[in-house]
There are 2 protein chains.
Amino acid sequence: MANVAHLQEADIEKIYLCPLFKGVETAKLASIIKKPYTKVATHEDDTVLFKTGQKMNQLLLVLDGEVGVIGTNLWNKGSIVELLGAGTLYGAEFAVGADKKLGYDICTLENSRVLTIDYVKLLCDSDYRKIAPIISENLLQFAIARTHNLQARIYHLAQGSTREKLLAYLSDQSRQAKNTTFQIDLDRQDLADYLSVERSAMCAELSKMQKDGLINYHKNEFTLKKIKK
Amino acid sequence: MANVAHLQEADIEKIYLCPLFKGVETAKLASIIKKPYTKVATHEDDTVLFKTGQKMNQLLLVLDGEVGVIGTNLWNKGSIVELLGAGTLYGAEFAVGADKKLGYDICTLENSRVLTIDYVKLLCDSDYRKIAPIISENLLQFAIARTHNLQARIYHLAQGSTREKLLAYLSDQSRQAKNTTFQIDLDRQDLADYLSVERSAMCAELSKMQKDGLINYHKNEFTLKKIKK
DNA sequence: TAGATACTGTTGGTTTTCCAACGAAGGGAG
DNA sequence: CTCCCTTCGTTGGAAAACCAACAGTATCTA
């Protein structure tokens, strides 16, 4: 059950930090998030915010808690496609283009506070129009960054075995860090979820890979032992 | 070894059909593809066109043949992330934004004819500037459509078992067709590649699913037997 | 310091997938 | 029609992943 809530100081910060709003004057942004088409609400865990097939006409910013993007097949079996933690903005893609039908359920995974912006109304707002060019540009950057992230995950997920998934993921992390030694953000469970494998099996595979001399690791620090060719 | 080639009548058609150029006057488009920064070349199969880590400064349109996007890990093991068949445009994402580093190899999988547009030069062309607003808008649409496709594939790939992958994929196809009976575009091998499973194992699983009363199929026509709940 | 609470690593039995090989069912082409 | 070639389905042994249960380690708090 949703309850109307109010913006707190820390929330404003999260809004400003959204890539979509980068470069927008804070005063102008502040005026928008005080309009009536912007709402903040608290939801219990396991609350469905938007349902598959429905028209998506809201931007959604998670202020606290965790929200999941859930794919559901015709036999009503659901699975988490993406996690939206605090500070994550979702739905910007739907603000543009003809097909605004949502392909997933959006559902709270914990008690959460969520800000929503009705962008049909937003687009009509004359205050918005002043910052629209910046946001349009940001939206393009945002969409493109997203395609890169999604394509990377596809590369990782499409590998046949757990070992190959790990090697693909770790290789990309190493490239990003420009170093064969680097830290990763995810803990074992989150990494297993990201790669869609069992945590325990993944741990075992990491052990083997270390024994086989491919990698070294301790906690979240990994070193890749590239073979000369 | 790349050979310079020339545009044929059928090629022009493929260019016009690119979503990126939708709504652009054909005459204006024709003038651009005759500029020196647009090139057509034939390549033997297994030719690397662009390499991981290199700066991507070209749009790439496959005119004939097949080109693969290949992820390669630090141990030089490669795997196909995406297939680019005839008519496919690749690289538009890289024309915008700061990080233009390519994360994959682009490599021909057959003898292919490929058109490339150097977009650094393209962006400077005064003829291009006249159509730039349309292309910018198209690019945004293109990027967004791409995020939807990629997210869908992630949903399918992230399923734990072959059966679940198939159910997720078929459910989405059914939704698109707005019908529980529908045809799919992919043959068995392509579907198995898309879902990253073995073809034979997938065939066996389809059989079982039919025996279990979940689906019916014949060749590429499937019917989903949704359970009432 | 002791206890509670994550997070990580290990192990063994069960299930699923891979893999290679083969048989069956369709199309063309000669 | 027959032959060739491609696609689709089946099968059985080998390999890998799942799963549950448990042991080790670090951190935090009382």
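Chain letters run A, B, ... following the sequence lines, proteins first, then strands; residues in each count from 1. Note that the coordinates shown come from a computational prediction; the quantities given were computed from them, not determined experimentally.
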Trainee: Does a donor on one side chain and an acceptor on the other come within less than 3.5 Å for Asp105(A) and Thr52(A)?
Mentor: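 There is such a pair between these side chains.
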Trainee: Rounded off to whole Å, could you give me the CG-to-C1' distance for the Asp193(B) and dC19(C) pair?
Mentor: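 My rounded result for the distance is 15 Å.
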Trainee: Could you tell me whether a side-chain N or O of Thr108(B) sits under 3.5 Å from a main-chain N or O of Glu44(B), the two making a donor and an acceptor?
Mentor: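 Answer holds: yes.
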Trainee: Which of the following nucleotides, dC8(D), dA17(D), dT17(C), is nearest to the side chain of Ser161(A)?
Mentor: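 Of the candidates, dA17(D) comes closest.
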Trainee: Round to a whole Å and report the spacing from CE of Met202(A) to P of dT11(C).
Mentor: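 Nearest whole value for this atom pair: 17 Å.
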Trainee: So which nucleotide from dC18(D), dG27(C), dC19(C) ends up closest to the side chain of Lys219(B)?
Mentor: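 Looking only at heavy atoms from C-beta outward on Lys219(B), the closest nucleotide is dG27(C).
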Trainee: Without decimals, in angstroms, what is the distance between Leu206(B) CG and dC8(D) P?
Mentor: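 Value for this atom pair: 11 Å.
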Trainee: Under 4.0 Å between a Lys/Arg side-chain N and an Asp/Glu carboxylate O for Asp11(B) and Arg113(B)?
Mentor: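 Judged by the 4.0 Å cut-off on N to carboxylate O distance, Asp11(B) and Arg113(B) do form a salt bridge.
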Trainee: If I take atom CZ in residue Arg199(B) and atom P in nucleotide dT11(D), what distance separates them, rounded to the nearest angstrom?
Mentor: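 My rounded result for the distance is 14 Å.
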Trainee: Let's go through Leu63(A) and Leu61(A) carefully: what are the C-alpha distance in whole Å and the side-chain angles of both, what is the deciding distance for side chain to side chain contact (heavy atoms under 4.5 Å, CB included) to 0.1 Å, and is it a yes or a no?
Mentor: CA-CA 6 Å; Leu63(A) 296 172; Leu61(A) 174 60; 4.2 Å; yes
Trainee: Map Lys208(B) and Ser200(B) onto DNA chain C by nearest heavy atom, then report which one ends up closer to the 5' terminus.
Mentor: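 So the residue in question is Lys208(B).
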Trainee: Could you state the atom-to-atom distance from CD of Glu164(B) to P of dT15(C) in whole Å?
Mentor: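 In whole Å, dT15(C) P and Glu164(B) CD are 16 Å from each other.
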Trainee: Rounded to whole angstrom units, what separation is found between the NZ atom of Lys211(B) and the C1' atom of dG9(D)?
Mentor: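 Interatomic distance, NZ of Lys211(B) to C1' of dG9(D): 11 Å.
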Trainee: In whole angstroms, how far is the C1' atom of dC18(C) from the CD atom of Gln159(A)?
Mentor: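 In whole Å, dC18(C) C1' and Gln159(A) CD are 16 Å from each other.
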Trainee: Picking from dT10(C), dT7(D), dC18(C), which would you name as closest to the side chain of Asp187(B)?
Mentor: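 So the nucleotide nearest the side chain must be dT7(D).
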Trainee: Let me spell it out: for each of Val197(A) and His218(A), pick the nucleotide of DNA chain D with the closest heavy atom. Which residue's pick is nearer the 5' end?
Mentor: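 Counting from the 5' end, the first nearest nucleotide belongs to Val197(A).
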Trainee: Please check the phosphate of dG9(C) (OP1 and OP2 only) for any side-chain N or O of Arg188(A) closer than 4.0 Å.
Mentor: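 The answer is yes; a side-chain N or O of Arg188(A) sits under 4.0 Å from OP1 or OP2.
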Trainee: Could you tell me whether the side chain of Thr162(A) has a donor or acceptor atom within less than 3.5 Å of a complementary atom in the base of dA16(D)?
Mentor: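 Result: no qualifying N/O pair found.
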Trainee: Keeping the roles fixed (side chain from Ser161(A), backbone from Glu164(A)), state whether a donor-acceptor pair exists under 3.5 Å.
Mentor: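 Answer holds: yes.
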Trainee: Identify which nucleotide among dC7(C), dC18(D), dT10(C) has an atom closest to any side-chain atom of Glu198(A), counting heavy atoms from C-beta outward.
Mentor: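 Of the options given, the side chain of Glu198(A) lies nearest dC18(D).
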Trainee: Quickly work out the Glu221(B) CD to dC8(D) C1' distance and round it to whole Å.
Mentor: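 To the nearest whole Å, that distance equals 17 Å.
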Trainee: Report the nucleotide, chosen from dC19(C), dT10(C), dG9(D), that has the shortest atom-to-atom distance to any side-chain atom of Tyr217(B).
Mentor: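 The closest nucleotide is dG9(D).
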